[in-house]
Protein chains: 2
Amino acid sequence: MAKGRVTVVDIANAVGVSKSTVSLVLQASPLVNEATRTKVMAAIRDLGYVYNRSAANLRQSTSKIIGMVVNDLTNSFFAELAVGVDMVVQSAEYVQFLANTGESIDRQREVVASMREHGISGLIISPARGTEAADFKSFVGSGIPVVLVVRNVPGAKVSSLVSDNHAGSFAGVEHLAGLGHTRIAFLGGFPDTAVFSERFHGYRDALSRLGIPFDESLVVGSAPSRAGGVEAIERAMLLAEKPTAAVCFNDAVAFGVCDGLRSRRMEPGLDFAVVGFDDVIEAKTAVPALTTISVDPQGMGRRAAQLLLKQINSGKVEAESIVSSVRLVVRQSCGAQFGKAERRMAQ
Amino acid sequence: MAKGRVTVVDIANAVGVSKSTVSLVLQASPLVNEATRTKVMAAIRDLGYVYNRSAANLRQSTSKIIGMVVNDLTNSFFAELAVGVDMVVQSAEYVQFLANTGESIDRQREVVASMREHGISGLIISPARGTEAADFKSFVGSGIPVVLVVRNVPGAKVSSLVSDNHAGSFAGVEHLAGLGHTRIAFLGGFPDTAVFSERFHGYRDALSRLGIPFDESLVVGSAPSRAGGVEAIERAMLLAEKPTAAVCFNDAVAFGVCDGLRSRRMEPGLDFAVVGFDDVIEAKTAVPALTTISVDPQGMGRRAAQLLLKQINSGKVEAESIVSSVRLVVRQSCGAQFGKAERRMAQ
DNA sequence: TGACTTTGTTGGAACGTTCCAATTATTTAA
DNA sequence: TTAAATAATTGGAACGTTCCAACAAAGTCA
């Protein structure tokens with residue numbers, strides 16, 4: 001009792017077996033007799049034993065821990081991504097370290113190093129802007145699987161799971177053009193990111209496919225946030241030839257665009273068509289409900305975790321690149337529910 | 001090289017010192033000579049050594065890990081709470097296990113047990129509904145500090161950090177009454193939670209202090225979400241004597257209430273006054289900007305983490321109960337910016 | 001000079017588990 | 001009856017670190 005902590009050998013003594021037997025019970029081994037198993041279990045309960053995974057990890061040199069690093073947890077897209085990961089990680093009886101980098105590359109380096117010291121057996125990361133392939137060298141060197149999610153890092157020899165950004169904004173533009181729009185803006189996002197570039201090229205390629213001239217002044221970048229969206233639509237509305245519709249970098253921007261429209265007494269869906277990107281939960285319940293490109297962040301989190309666990313279990317780490325398909329979800333913010341006559345948009 | 005992993009003894013051999021010396025270098029001990037320190041550091045870099053914290057934990061029986069459990073990470077209030085915790089945890093060079101329970105008590109029990117097995121040295125938890133004091137017995141027994149955050153659990157002998165819910169809704173009602181309202185509803189939230197009861201009593205006590213009769217039909221519960229808010233305002237508007245204003249259970253509900261008002265062609269702030277609770281980031285940028293009771297979830301997360309770290313470091317775990325003060329933030333959704341004549345609300 | 005102190009360094013024993021090879025007890029096969 | 005197979009258990013060595021007591025070398029004091 002005086003000793004700090006109850007260990008396997010304590011329960012072994014209490015029951016009158018060896019620590020090895022207790023260990024076998026803990027691992028649910030079929031080798032141990034039913035009678036002794038129940039006795040051991042009883043002692044475990046009575047003495048208040050708690051399993052020490054650190055010790056086990058040390059011996060086995062494998063842990064049931066995975067690392068999860070996101071660049072912005074306050075963005076509900078990433079929060080849901082984390083929830084998706086958490087779900088499969090939990091049901092596989094793993095536990096996750098979660099860290100938020102807030103786009104800081106230094107912070108990212110710190111937490112990733114710390115996780116590595118703690119012996120994670122895999123890492124899922126939505127990398128901060130400016131992450132380089134070299135940042136994962138240490139992992140590929142020691143055979144620890146890494147899954148890049150949402151954002152890819154060129155040249156990194158690790159797996160990745162990203163959404164089909166090009167196809168997504170392509171579909172958004174097609175849809176708006178089908179409603180009669182020709183002045184379609186592309187709003188929000190930082191132009192120096194891979195995701196922006198993919199979504200932007202989808203937008204541009206759709207325009208050219210549809211024979212709509214591309215006008216550079218209609219693409220206005222901003223922070224990928226609600227506040228950024230407000231700012232972007234304000235800038236776009238300063239143009240001589242105003243847009244009548246917009247494909248937004250993401251849903252946060254799209255909500256900001258709606259806010260900005262309202263404060264100039266325009267109703268999204270009626271006076272201006274807005275298409276978002278991501279389909280966060282609020283998109284469905286907002287008023288007007290947001291027409292958006294559904295990426296299903298939670299599903300993406302689940303798939304990323306499954307991919308990672310598969311690689312952990314198989315032992316071999318061959319990088320796999322998955323592009324997850326997206327689909328357009330038509331709701332109200334694009335005005336598709338109105339007849340042409342009812343919409344008040346210039347076309 | 002053939003051996004799996006580089007250890008302290010490998011670098012000790014490479015440099016020509018003992019493993020003890022290498023260990024001292026790793027701990028930045030002042031006892032070791034500057035020359036040998038630099039030699040050891042060089043070897044660490046060259047051989048690609050990575051520190052094994054599991055082994056260290058085993059020996060020291062203390063870890064640099066804390067556990068963080070939240071009931072709903074998809075709610076941005078809790079996401080921000082987690083970010084706040086993460087900030088101070090990271091800068092204290094700890095790392096956090098984060099798990100989401102989704103209000104499931106079973107899941108909560110599992111993850112908490114798992115974290116305990118992994119040797120966390122403290123736990124911050126926003127408990128799922130139905131959590132009992134007994135669920136923390138194992139922690140108080142072994143002297144591991146626990147901080148309950150957002151929701152308290154009666155009878156639990158652990159620290160807690162909750163916001164002043166009573167004062168918050170009291171202030172909300174006072175403000176609305178000051179604008180001339182007398183039919184003030186209390187919308188959203190599950191009535192069987194402690195937070196609901198505190199916020200509801202603040203509402204009720206304010207009414208009685210102000211001499212406004214309490215009308216039970218004006219309090220309508222719902223899920224504490226955006227969808228729940230839509231539902232709650234719809235039910236409230238079915239009343240013969242409709243409310244003209246509402247204090248909402250939280251911001252998510254308040255946004256839902258705004259959505260619901262709009263879909264019946266009423267403008268929040270102009271036709272109906274809405275006050276939220278929590279002050280999530282979107283509250284400021286939404287249109288109309290939400291008048292709300294500011295709780296500062298990120299700050300709360302930071303304070304909770306500081307409290308926990310203080311207890312971890314001091315070694316003594318005396319339960320501390322902190323009630324964090326709140327303040328009313330007046331924005332647009334309550335209509336305070338308009339003169340009495342401009343508001344279109346029945347009063 | 002001898003007795004101390006200071007500055008670095010060190011081997012070995014822990015920490016709590018798992019794994020391996022060895023052992024005993026029991027059953028089956030011939 | 002003995003040999004072989006099966007079932008259940010076991011002691012001890014590992015895993016990679018930290019801590020402790022001991023020690024050597026050099027400097028300080030009177």
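Each chain gets a letter, A, B and so on, in the order the sequences are listed, and its residues count up from 1.
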Check your understanding: Atom CG of B:Asn33 to atom P of D:dA25: distance rounded to whole Å?
Key -> 16 Å
Study note, to complete from the structure: Between B:Thr21 and B:Gln60, the residue closer to the 5' end of DNA chain C by nearest nucleotide is B:Thr21
Exercise for review: Check B:Ser121 against B:Ser63 and note the closest heavy-atom contact, atom names and distance.
Suggested key: OG-O, 2.9 Å
Revision key, fill the gap. Whole-Å distance, A:Leu31 CG to D:dT10 C1', equals 12 Å
**Study point:** d(CG, A:Asn13; P, D:dT9) in whole Å
**Key:** 16 Å
Check your understanding: Any side-chain N or O of B:Gln27 less than 4.0 Å from the OP1 or OP2 oxygen of D:dT17?
Key -> no
Review point. Does the side chain of B:Ser23 get closer than 4.0 angstrom to OP1 or OP2 of D:dT18 through an N or O atom?
Key: yes
Practice item. Look at the side chain of A:Arg59 against the base of C:dT17 and say whether a donor-acceptor pair falls under 3.5 Å; ignore hydrogens and angles. Key: no
**Study point:** Value in whole Å for how far the P atom of C:dC19 lies from NZ of A:Lys19
**Key:** 13 Å
Review point. Over how many whole Å does the gap from B:Glu34 atom CD to C:dT9 atom C1' extend?
Key: 16 Å
Exercise for review: Give the rounded distance in Å between these two atoms: NE2 of B:His118 and P of C:dG16.
Suggested key: 17 Å
Exercise for review: Would you mind reading off the distance between A:Leu24 atom CG and D:dT10 atom C1', rounded to a whole angstrom?
Suggested key: 10 Å
Revision key, fill the gap. By nearest-nucleotide position on DNA chain D, the 5'-leaning member of B:Ser20 and B:Leu58 is B:Leu58
Check your understanding: Is any side-chain nitrogen or oxygen of B:Ser18 closer than 4.0 Å to OP1 or OP2 of C:dT10?
Key -> yes
